[in-house]
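Please read these numbers as outputs of a predicted model, since none were measured by experiment. In what follows, chains are A, B, ... by sequence order, proteins preceding strands, each numbered from 1.
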Protein chains: 2
Amino acid sequence: MDVPAPRHLNARKRPRQARSAVTVDAIFEATIQVLLAEGVHRLTTTRVAERAGVSVGTMYQYFPHKQALLYALNERYLDRLADRIEAVCLSHHGRPTAAMVAALIEAYWDAKTERSDVTRVLYSSAVELDNEALIEAFAHRMDKATAAMLATAPNAAYANLDLVNATLLSVIFGTVRNVFERNLPAKAQAAIRKQLVAMCLTYLEGAGG
Amino acid sequence: MDVPAPRHLNARKRPRQARSAVTVDAIFEATIQVLLAEGVHRLTTTRVAERAGVSVGTMYQYFPHKQALLYALNERYLDRLADRIEAVCLSHHGRPTAAMVAALIEAYWDAKTERSDVTRVLYSSAVELDNEALIEAFAHRMDKATAAMLATAPNAAYANLDLVNATLLSVIFGTVRNVFERNLPAKAQAAIRKQLVAMCLTYLEGAGG
DNA sequence: CCAAAACACGAATGATCCTTCATATATTCT
DNA sequence: AGAATATATGAAGGATCATTCGTGTTTTGG
């Protein structure tokens, strides 16, 4: 995200040497591990440090407090996710609308599902975190990526691309999350996913695509 | 919900006298107030009791621990929500599909939005809570209510009502949550909501409704 | 009206946790 | 090499919290 974090969530210092970059990454990974193994309410600075193989003090060199760590972790996650979706969108410029929709849904769905346990704990770690800026930045990147893609569809003539695009994203992202949280069996998930693709495609066609 | 809570989340005792029923309700309301005013991470048993005008000890007469309180709170919320939606569905039996969809989306959307701050804190209070059973029970009630409604639509002939119904609910519930979490301006929310209604209607018509 | 049951109280206990800081080691630069 | 900077350590301080339990009060049923 190219949006500045709330000041109070900024890192204390940026890693300058190679070893500290390694440390910071280990801390991120350790955070996820602890979240997976113990849950948010047992996510302790000490536990994270221990799992990362460093001392608490070291953690506090890079994150002024626990919240900043969680903020940075979510930032990293959303950045990577946005990268993936953007790449898929770019690779589908000029393709038929049907291919676009299918690819978009597949990419997002897979990204969320392939490590559903991680997705879950990241959601939980974001609660009680002032991450509106993060979410908005992510949404904005997605908006731009998909709008640009849709605009290149052959025979596309959307009356109001922005609204259609926003609706499409809310529906896709929302549905994935809902299915995900209900923890439906894989078969049911796949069936709904297929329906979702068809539904979105029909919607776009009706809207001028 | 008619599903038994996980044993460890059961209330210690049920209120028998009138005054204790008042107490329990005050505790629920106080919990919401504290959540609104301070957030999950400052939700303490003492604070809740204080706000409810009772002592901590009293709280522990009805809830064996904090988690049980939050569990019961979410149970109460989902029960009421399900009641509302069920009533709307019932009142639309036999109506045209278009009216059904519009009413369903309106009912759910309004229920979630009219006190969006409460909705938000309830979501946050459910994190790190073993509430799968609750969610599943809610989903099941909704499934039955909407499926029964859709089956009464004039000219309805769904090839696979169950899948269509499940998709519809995931899409609606998911989209509402997504729009809700992004905290879009009211105008944008209304626009998307309208699109969602149209989208769902087209979907149902294509599926045999 | 009285005993039993239900309800209410809240200080004390024991545990967990975030964060700091004085100190020590490693790396870079000149 | 030596100074300056970056990185790492972890014990200790200070604060918050969930939960218990001995005790007091109110209601109910006979």
Query - Pairwise distance CE(Met142(A)) to CD(Glu86(A)) - rounded to 0.5 angstrom - result: 5.0 Å

Query raised in the report: What integer distance in Å separates Gln61(B):CD from dA18(D):C1'?
Result: 16 Å

Report summary line: Tested for side chain to side chain donor-acceptor pair (under 3.5 Å) against Ser125(A), the lone hit among Asn74(A), Thr31(A), Asn131(A) is Asn74(A)

Requested in this report: Return no unless some side-chain N or O of Tyr62(A) is found under 4.0 Å from OP1 or OP2 of dA8(D).
Outcome: yes

Query raised in the report: Quick one: Met59(A) CE to dT19(C) P, roughly how many Å, whole number?
Result: 8 Å

Query - Atom pair distance, as rounded to whole Å: CZ in Phe63(B) and P in dA8(C) - result: 12 Å

Query raised in the report: How long is the line joining CZ of Arg16(B) and C1' of dA6(C), in whole Å?
Result: 9 Å

Query raised in the report: Is the NZ or CZ atom of Arg177(A) both under 6.0 Å from the centre of the six-membered ring of Tyr123(A) and within 45° of that ring's axis?
Result: yes

Query - Between dA18(D) (C1') and Glu50(B) (CD): distance, integer Å - result: 16 Å

Query raised in the report: Is any side-chain heavy atom of Leu150(A) less than 4.5 Å from a side-chain heavy atom of Leu168(A)?
Result: yes

Report task. Answer yes or no: is there an ion pair linking Lys112(A) with Glu181(A), defined by an N-O contact shorter than 4.0 Å? Result -> no

Query raised in the report: Salt bridge check: are Arg84(A) and Glu114(A) linked by an N-O gap of less than 4.0 Å?
Result: yes

Query raised in the report: Reckon Thr45(A) has a side-chain N or O less than 4.0 Å from the OP1 or OP2 of dC18(C)?
Result: yes

Query - Closest-nucleotide 5' rank along DNA chain C - winner of Gly57(B) and Thr46(A) - result: Gly57(B)

Query - d(NZ, Lys66(A); C1', dT16(D)) in whole Å - result: 13 Å

Report summary line: CD of Glu38(A) to OG1 of Thr44(A), rounded to nearest 0.5 Å, is 7.5 Å

Requested in this report: Using whole Å, report how far NE2 of His65(B) lies from P of dC17(D).
Outcome: 19 Å

Query - N/O donor-acceptor pair under 3.5 Å between Ser170(B) side chain and Thr167(B) backbone - result: no

**Report entry** Side-chain N,O (Thr44(B)) to OP1/OP2 (dT16(D)) below 4.0 Å
**Finding:** no

Report task. Write down the distance between NE2 (His41(A)) and C1' (dA15(C)), rounded to a whole number of angstrom. Result -> 14 Å

Query raised in the report: Quick one: is Arg47(A) getting a side-chain N or O under 4.0 Å of the dC17(C) phosphate, OP1 or OP2?
Result: yes

Query - Sugar-phosphate only, base, or nothing, as touched by Val56(A) at under 4.0 Å among non-hydrogen atoms - result: base

Report task. Take the C1' atoms of the five end pairs on each side of the helix from dC1(C)-dG30(D) to dT30(C)-dA1(D), get both axes, and report the angle to 10 degrees. Result -> 20°

Query raised in the report: Using a cut-off of less than 4.0 Å, is there contact between a side-chain N or O of Thr58(A) and OP1 or OP2 of dT9(D)?
Result: yes

Query - Candidate pair Phe63(A) and Phe28(A), rule ring-ring contact (aromatic ring centres under 6.0 Å, His included), full reasoning - result: CA-CA 11 Å; Phe63(A) 306 99; Phe28(A) 280 139; 5.7 Å; yes

Report summary line: Per-nt protein contacts along nucleotides 24-30 of chain C (heavy atom under 4.0 Å; B base, S backbone sugar-phosphate only, - none) come out as --SS---

Query raised in the report: Is there a side-chain polar atom (N or O) of Ser20(A) under 4.0 Å from OP1 or OP2 of dT7(D)?
Result: yes

Report summary line: The residue, Leu43(B) or Ala21(A), whose nearest nucleotide of DNA chain D is more 5′ is Ala21(A)

Report task. Determine yes or no for a side-chain-to-main-chain donor-acceptor pair under 3.5 angstrom, with Gln67(A) supplying the side chain and Glu128(A) the backbone. Result -> yes

Query raised in the report: Has Ser55(A) got a side-chain N or O lying under 4.0 Å from the OP1 or OP2 atom of dT9(D)?
Result: yes

